[in-house]
There are 2 protein chains.
Amino acid sequence: MARPRTPLLSRERIVAAALRLIDDEGLDALSTRRLASELSVSGPSLYNHFATKDELLDAVVDSVIGEVDLSMFGTAGAAGVVAAGGGSWPEALRDWARSYRAALAAHPNIVPVLAQGPGRRPNALRLADAVFGHLVESGWPRGQATRIGALMRYFVTGSALASFAAGFPADAEVYDAADYPHLGEAHRLAGHRGTVDEGAFETGLEALLDGLALRYARLAERP
Amino acid sequence: MARPRTPLLSRERIVAAALRLIDDEGLDALSTRRLASELSVSGPSLYNHFATKDELLDAVVDSVIGEVDLSMFGTAGAAGVVAAGGGSWPEALRDWARSYRAALAAHPNIVPVLAQGPGRRPNALRLADAVFGHLVESGWPRGQATRIGALMRYFVTGSALASFAAGFPADAEVYDAADYPHLGEAHRLAGHRGTVDEGAFETGLEALLDGLALRYARLAERP
DNA sequence: ACCTGAACACCGTTCAAGT
DNA sequence: ACCTGAACACCGTTCAAGT
């Protein structure tokens, strides 16, 4: 055919198809040729819309991060939050972490790429800006705010990267009592995948926020 | 040449060369042909020692996990620990988490594979068994012990997967004040990579342990 | 048992050619 | 501007052939 009158492809259509392929069959299943065939187009066509496969992956990653809710950090500056007492950062962090995890856990196969950091991706930079800004305006020293942003990302990406429960084979034969005396029930984990992972995330999130609140209280004591 | 008198390869040599390649050039650089050439051998030779590339990757992963120190959980059963008061689990967990992170952070490129869970890898199963067993013998209910094992893995793998600081481009031009009002100093993060990531890990680890200690205390209150 | 080269069905990317 | 087929240097894996 050569060039059609109205374009067959667009960045949006390509990104959507790529994400679907990654979700359904994993990161390794995303090849330019396979993706092109999914879009009923020849392999090299994609290069009219993205310079490289990496640039395409970057767009997919940023579309996922764009799903994270940042509204709890306030839109027009967080002055109101601080005026309200500055004590609302744990609630904001909790709501954000849940939305962050939900967005990532919906696409676990792309988390390893996303976890490399924001790079130059606008949605990822906006996220980092909102979290850091909110913490600083809540009274956290800048160095501590950086650390909190980092440790929250560690926890959220780690929890979205893979299911803990599903990592244990459902085959009871694996857990020989002589080798692993405490794993006699581990073959049942995979069956409770959802609740185990959700429970672990919530427990860790609350523990983390409690631990940080302890440190926040100490800020006022010795300034 | 065909078959030499003494074998050119061994599983150990192959695993070591593969890990070196992954560390130096990333997971994508590990191809069977490239690895074979690194070992001065032809591509298909590797299939005499591993059935597939995945089986080889599994062996690499388990060799990394084998570096994690588990001695703090006691060797001949943890009865002594419990007899000593059962209060030492936070110290054991802290020491283990540091060793776990150090082992993984030395090989960040393989963390995405490792984070999929233990599977049937013996060192990974031994690790899970030691942590869970220690928590249960310290008085944690089994369900909570599972969650703690999971959330600790979330945090450690997340922190070893990639540097938080290095994820922010060192180019100040990236952080336009109109778009990202709080990231004016973000270009300096990458230069302090080591201290930022170490500080975030330590802060998160201590906060997590404090939060868990709060919950452990509550176990005694309402049993 | 353990290595080889040849072969198969794949990759990402470039490029000249088409409209 | 946007698509195509052909081509290049790669992949993982199989297999018959060698010792």
Side-chain angles (χ1 to χ4, degrees), chain A residues 1-62 109-110 112-114 116 119 121, chain B residues 1-62 109-110 112-114 116 119 121:
Chain A
M1 83 180 58
R3 174 161 118 92
R5 272 208 244 90
T6 101
L8 298 175
L9 298 175
S10 69
R11 286 176 69 100
E12 290 69 29
R13 281 217 331 125
I14 296 170
V15 165
L19 184 56
R20 209 177 317 124
L21 198 48
I22 291 168
D23 286 344
D24 293 349
E25 308 187 31
L27 203 52
D28 289 343
L30 181 77
S31 75
T32 56
R33 301 161 120 104
R34 172 73 193 282
L35 175 58
S37 109
E38 218 76 35
L39 290 159
S40 307
V41 104
S42 92
S45 303
L46 301 172
Y47 289 84
N48 285 295
H49 303 269
F50 294 97
T52 62
K53 186 184 169 184
D54 274 352
E55 194 186 298
L56 161 59
L57 251 185
D58 245 38
V60 175
V61 163
D62 215 39
N109 295 333
I110 210 177
V113 184
L114 177 155
Q116 299 306 309
R121 290 180 272 102
Chain B
M1 85 181 54
R3 175 161 117 93
R5 271 208 246 93
T6 102
L8 297 175
L9 297 175
S10 69
R11 285 176 70 100
E12 289 69 29
R13 282 204 49 219
I14 296 170
V15 166
L19 184 56
R20 210 177 315 125
L21 198 49
I22 291 168
D23 286 344
D24 293 348
E25 308 186 32
L27 204 51
D28 289 342
L30 182 76
S31 74
T32 56
R33 291 160 198 259
R34 173 73 194 283
L35 175 57
S37 109
E38 218 75 35
L39 290 160
S40 308
V41 103
S42 91
S45 302
L46 301 172
Y47 288 84
N48 285 295
H49 303 269
F50 294 96
T52 62
K53 187 185 169 182
D54 273 354
E55 193 185 300
L56 161 58
L57 252 185
D58 245 37
V60 175
V61 163
D62 216 39
N109 295 334
I110 210 177
V113 184
L114 176 154
Q116 299 306 311
R121 291 180 270 101

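Order of the sequence lines fixes the chain letters, A, B, ..., with proteins taken first and strands second; residue numbering starts at 1 for each chain. Only this structure's heavy atoms are used, side chains among them; waters, hydrogens and symmetry mates stay out.
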Atom pairs and distances, side-chain donor-acceptor, residues 39-49 of chain B, under 3.5 Å, sequence neighbours left out:
unit_1: B:S42; atom_1: OG; unit_2: B:S45; atom_2: OG; d: 3.4
unit_1: B:S45; atom_1: OG; unit_2: B:S42; atom_2: O; d: 3.0
unit_1: B:N48; atom_1: ND2; unit_2: B:S45; atom_2: O; d: 3.3

Starting at [atom1] of [X] and ending at [atom2] of [N], how long is that distance when rounded to a whole Å?
X	N	atom1	atom2	answer
A:L46	D:dC3	CG	P	9 Å
B:L35	D:dG12	CG	C1'	13 Å
B:D28	D:dG12	CG	P	11 Å
B:E38	D:dC11	CD	P	11 Å
B:R11	C:dC2	CZ	P	12 Å
B:R34	D:dA9	CZ	P	18 Å
A:L30	C:dC10	CG	P	16 Å
B:L8	C:dT4	CG	P	7 Å

Of the nucleotides [options], which one has an atom closest to the side chain of [X]?
X	options	answer
A:S42	C:dT13, D:dT4, D:dT14	D:dT4
A:R3	D:dT13, C:dG18, D:dT4	C:dG18
B:R33	D:dC3, C:dC11, C:dA7	C:dA7

(Q) Show me, range against range, the stems involving DNA chain D, built from at least 3 consecutive Watson-Crick or G-U pairs below 3.5 Å. (A)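 Counting only runs of 3 or more consecutive pairs, the stems involving DNA chain D are C:4-8 with D:12-16, C:12-16 with D:4-8.
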
Just distance, no hydrogens or angles: give the donor-acceptor pairs under 3.5 Å from side chains in residues 18-30 of chain B, sequence neighbours left out.
unit_1: B:D23; atom_1: OD1; unit_2: B:H107; atom_2: ND1; d: 3.0
unit_1: B:D23; atom_1: OD2; unit_2: B:H107; atom_2: ND1; d: 2.6
unit_1: B:E25; atom_1: OE1; unit_2: B:R34; atom_2: NH1; d: 3.1
unit_1: B:E25; atom_1: OE2; unit_2: B:R34; atom_2: NH2; d: 2.7

Q) At under 4.0 Å between heavy atoms, what does A:S31 touch on the DNA or RNA strands: base, sugar-phosphate, or nothing? A)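 It contacts sugar-phosphate atoms only.
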
Q. Which salt bridge (charged side-chain N to carboxylate O under 4.0 Å, His left out) pairs, counting each pair once, include a residue from residues 40-59 of chain B, with sequence neighbours left out?
A.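 Every pair satisfying salt bridge (charged side-chain N to carboxylate O under 4.0 Å, His left out) with a residue in residues 40-59 of chain B: B:R11-B:E55, B:D58-B:R121.
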
Q: Residues of residues 47-57 of chain B with any non-hydrogen atom less than 4.0 angstrom from an atom of DNA chain C: list those, numerically ordered, please.
A: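 Nucleic-acid contacts, sorted: B:N48, B:H49.
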
Q: Show your reasoning for whether side chain to side chain contact (heavy atoms under 4.5 Å, CB included) applies to A:V60 and A:I14.
A: CA-CA 9 Å; A:V60 175; A:I14 296 170; over 6 Å; no

(Q) Using 0.5 Å steps for rounding, measure from the CG atom of A:L35 to the CG atom of A:L9. (A)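 The CG atom of A:L35 sits 8.5 Å away from the CG atom of A:L9.
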
Q | OP1 or OP2 of C:dC3 under 4.0 Å from side-chain N/O of B:S45 | A |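 So the side chain of B:S45 is outside the cut-off, no N or O lying under 4.0 Å from OP1 or OP2 of C:dC3.
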
Q: Report yes if the side chains of B:V15 and B:F50 come closer than 4.5 Å at any heavy-atom pair, otherwise no.
A: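 Heavy-atom side-chain distance check passes, below 4.5 Å.
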
Q.
Among residues at least two apart in sequence or on other chains, which ones pass salt bridge (charged side-chain N to carboxylate O under 4.0 Å, His left out) with B:R13?
A.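 B:R13 satisfies salt bridge (charged side-chain N to carboxylate O under 4.0 Å, His left out) with no residue once adjacent residues are dropped.
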
